[in-house]
Amino acid sequence: MKFKAMTAVAALLVAAPIMGMADEEAELVVNGEIEMVTKTEPPAHLEGALPEIMSGWRFRSDETQQTQMDDFDNPGMIFVDQAQAAWDTAEGSEGKSCASCHNEPASSMEGVRAVYPKWNEEAGEVRTLAMQINDCRENQMGAEPWKYTGNEMTAMEALISIESRGMPVNVAIDGPAQSVWEEGKEMYYTRYGQLELSCANCHEDNYGNMIRADHLSQGQINGFPVYRLKNAKLNGSHARFKGCVRDTRAETFKPGSPEFVALELYVASRGNGLSVEAPSVRN
Amino acid sequence: MMKWIVAAIVSGAPVLAAAETVAPADVTFDDYGAVEQSLTGTPGDPANGAAIVGNKKAGNCVACHQISALSDVPFQGEVGPMLDGAGDRWSEAELRGIVANSKMTFEGSMMPSYYKTTGYIRPGDGFTGKAAEEPLPPLLEAQQIEDIVAFLVTLKEE
């Protein structure tokens, strides 16, 4: 079954009037000034797998969409404030804070979120933003690393993401990152678990369709970390991947594992061209 | 997160004709994916079948299929075709084959195989996210499948 907008919309009206309409044609402008690209041409490497790429924002109900349109309504912004305090707090054996090396995020972190995960030449590895944050904590500050999907981490990722809001996701998939990207791609199309479902089964073949009470999106991560109304906190992409793999009745991978790092690079690259939206709001 | 597709394995239903139950590995599919022989020898109960099809914690077929006969069940999905008229389009044997292992009828189908226990990639222990050893318990028991098939054959276009 391929996605047919009209069928999906008609069925929504019939089957689930209480959910609130998802307006897949709405445009996202945050604070009346940041114009987000939530639908655009797919990157060339997708080779026609998707006719267009769409942010998860497009698939949410009117009310959920609206909470992301103004920072005063966006519950994720509370965590950004908390992370600003953490940014300025010295920790660890070196007595340093993030600010000691990077001054203000507004000047030093502009554009950073848009290019992560990213190959780190010195370390010889693909690094997610969370890995880079923990590298700074351990090796620059002499502080304990944060839990990979913990609240401190997702809040700090959100603070850094703010400085890229509206910029196009633009992760590099060539050069030394390519083999990791290939590994992530392989995972994306692998049918895991007793339900034998791949990411592509749900998010490529069936986006726009309802699966039980859920309106399937393309599973893009340009909005991560996302604030979910369901658990009232910021959620990292690896926590979402873990939930999706678990729900295929499979053995999951660990957040921060090399497998999920590869998957993140691949999934991020599927959204090259969409705007960085974090912290976005989802149900 | 929502469990979209749930199957209850440990139901209290006593297996009446245990001796005649065809084990998952012994099911015979014909070239088109149909299964002639009943999995239990006990006729299916269509009312129970309807309940399993609509129940989130059992077959949960409505996660992917719309069925007008179950219009009281909310949130019917759109991933698979509507099942209205399935009893006209398919024979009992074909329906048994589709539910037991849809991939024998529809190559590469997204529909899960409900009576299969081995051959999975990273099989998990239900929805715990933990590893599980094969053979896994099948998603549905033999009699549950017979009940579902008995329900599906009643789905006729008016």
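Here the structure is a predicted model, which means the values were calculated and not measured. All chains are named by letter (A, B, ...) in the order of the sequence lines, taking the proteins before the strands, and each is independently numbered beginning at 1.
Side-chain contact annotation: B/Asp147 with B/Gln143, donor-acceptor N/O pair under 3.5 Å present. With hydrogens and angles left out, the side-chain atoms of B/Asn48 and B/Asp45 include no donor and acceptor closer than 3.5 Å.
When heavy atoms are compared at a cutoff of 4.5 Å, B/Ser71 does not approach chain A at all.
For A/Pro145, the side chain to side chain contact (heavy atoms under 4.5 Å, CB included) criterion is met by A/Asn134, A/Glu138, not counting sequence neighbours.
The shortest non-hydrogen separation linking B/Ile145 to B/Ala100 is CD1-CA, 4.4 Å.
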Side chains of residues 219-227 of chain A: which donor-acceptor partners sit under 3.5 Å, not counting sequence neighbours?
| unit_1 | atom_1 | unit_2 | atom_2 | d |
| --- | --- | --- | --- | --- |
| A/Gln220 | OE1 | A/Gly271 | N | 3.3 |
| A/Gln220 | NE2 | A/Gln218 | OE1 | 3.1 |
| A/Asn222 | ND2 | A/Ser275 | O | 3.0 |
| A/Asn222 | ND2 | A/Glu277 | OE2 | 3.2 |

Expected list for residues 117-127 of chain B: side-chain donor-acceptor pairs under 3.5 angstrom, two or more places apart:
| unit_1 | atom_1 | unit_2 | atom_2 | d |
| --- | --- | --- | --- | --- |
| B/Tyr120 | OH | B/Lys116 | O | 3.1 |
| B/Arg122 | NE | A/Glu251 | O | 2.9 |
| B/Arg122 | NH2 | A/Thr252 | O | 2.8 |

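Along residues 179-192 of chain A, the residues that come nearer than 4.5 angstrom to chain B, judged on non-hydrogen atoms, are A/Thr190, A/Arg191, A/Tyr192 in order of number.
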